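Structure, as structure tokens:
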Amino acid sequence: MEIIRGKHTSFLNASTLAERLDGYDTVHIDIGTGDGRFVQHVAQTCPHSFVIGIDACRENLHEVSRRAPSNALFVIANAQVLPPELHGLAAHVTINFPWGSLLEGLLDNDAALLESLFTVMRPNAELEVRLNGGALSEVGWSLEEGADRVRDVLTVNGFEVRLPITLRACELRACPTTWAKRLAYGRDPRAVYLRGVSSVELLGVAAYTTQAVNLG
Ligand SMILES: C[S@@+](CC[C@H](N)C(=O)[O-])C[C@H]1O[C@@H](n2cnc3c(N)ncnc32)[C@H](O)[C@@H]1O
């Protein structure tokens, strides 16, 4: 898989990744990581975790990846086609304030995205998704309906997801991502938080149902 440090990109194979992961308790993957500040924060505050930030856009990653701690790694990849080297690794996945094909895939029950998400997760892995009102309204959804829709999509694909929780500006300010801060101090600080767990029972069938399920 393609990794980035500063402006330098290279390829990392599964055995070299396994060496890097050796000694860590758990793997956390942040999808649509943007500039990588959230990954940097988690890596610094959870030294026993190995944290992997993934984004399709490499330019924003130059600065943070250059001074990434040893338990952080940045991967250039499309969320719909996550690299096989990451399969079955993550005990924890976050998707913070997605936009573009990442957000649309969650709303449209995109089979490639949902399968890809599942393949990197361990059984009973935790998934956290934060959605913001502006990004949802740009693709035709209100914050409440969009949050319910993403929850339904995740549920039919084998996640047990709790009810959405509204995030206020003060909670966004405390959230260690660049986009959360922008939202908190911007004109539209509306966001929701979804938290779920990948269900062991449904894990096996999820890959076959993503396209077939009719969400109404
Ligand atoms: C609004 S930014 C949020 C960045 C970061 N999570 C934060 O909270 O600061 C959304 C990010 O999703 C990424 N993204 C959108 N579609 C993607 C896809 N299909 N695969 C990987 N990343 C994607 C974009 O490149 C962008 O960096």
Side-chain angles (χ1 to χ4, degrees), residues 1-4 9 28-45 51-65 68 72-87 89-90 92-121 126-139 141 143 146-147 150 153-154 157 165 167-195 210:
M1 63 184 178
E2 187 179 12
I3 62 168
I4 185 164
T9 61
H28 178 151
I29 295 182
D30 184 48
I31 300 177
T33 201
D35 63 7
R37 278 177 207 281
F38 181 75
V39 166
Q40 185 185 42
H41 173 87
V42 176
Q44 284 169 345
T45 52
V51 194
I52 301 174
I54 300 173
D55 207 286
C57 174
R58 61 194 67 217
E59 283 73 23
N60 292 341
L61 281 167
H62 290 167
E63 191 188 329
V64 170
S65 70
L73 180 70
F74 291 97
V75 175
I76 308 298
N78 186 329
Q80 274 97 344
V81 201
L82 291 172
E85 291 85 351
L86 299 177
H87 287 184
L89 288 183
H92 192 167
V93 169
T94 41
I95 304 177
N96 291 318
F97 312 108
W99 66 21
S101 58
L102 186 51
L103 176 60
E104 286 169 36
L106 290 173
L107 290 164
D108 296 345
N109 193 23
D110 177 68
L113 176 66
L114 272 301
E115 286 177 29
S116 189
L117 202 54
F118 254 110
T119 58
V120 299
M121 296 179 88
E126 186 178 345
L127 173 69
E128 294 179 276
V129 180
R130 294 177 178 86
L131 302 165
N132 64 291
L136 283 167
S137 71
E138 276 178 25
V139 289
W141 291 85
L143 181 64
V150 171
V153 166
L154 293 173
N157 282 287
I165 296 171
L167 298 176
R168 294 163 299 164
C170 60
E171 286 146 347
L172 287 170
R173 278 197 292 277
C175 181
T177 91
T178 294
W179 210 255
K181 309 270 186 261
R182 269 191 212 178
L183 291 169
Y185 294 103
R187 275 181 299 174
D188 189 6
R190 297 172 307 127
V192 289
Y193 170 66
L194 291 169
R195 181 170 172 219
T210 43

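Just so you know, ligand 1 is whichever comes first in the structure, and atom 1 is the first atom listed for that ligand. The figures here come from the full heavy-atom set of this structure, side chains too, leaving out hydrogens, waters and symmetry mates. The model shown is predicted, which means the values in this text are computed figures rather than measured ones. Residues: numbered from 1 along the sequence shown.
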Between K181 and C175 (side chain of the first, backbone of the second, donor and acceptor by atom type, cut-off under 3.5 Å), is there such a pair? yes
Do you know which of T9, V39, I3, D30 makes side-chain contact (heavy atoms from CB on, under 4.5 Å) with F74? V39
Contact residues of ligand 1, where a non-hydrogen atom lies under 4.0 Å away: G32, T33, G34, D55, A56, C57, A77, N78, A79, Q80, N96, F97, W99, S101, L102, T177, T178, W179
Contacts of P83 meeting side-chain contact (heavy atoms from CB on, under 4.5 Å) (sequence neighbours excluded), chain-then-number -> M1, V75, A77, E85, L86
Residues which pass side chain to side chain donor-acceptor pair (under 3.5 Å) with Q80, listed by chain and number, not counting sequence neighbours: none
Side chain to side chain, P98 and L131, heavy atoms closer than 4.5 Å: yes
The side chain to side chain donor-acceptor pair (under 3.5 Å) partners of R37 (sequence neighbours excluded) come to D35, T178
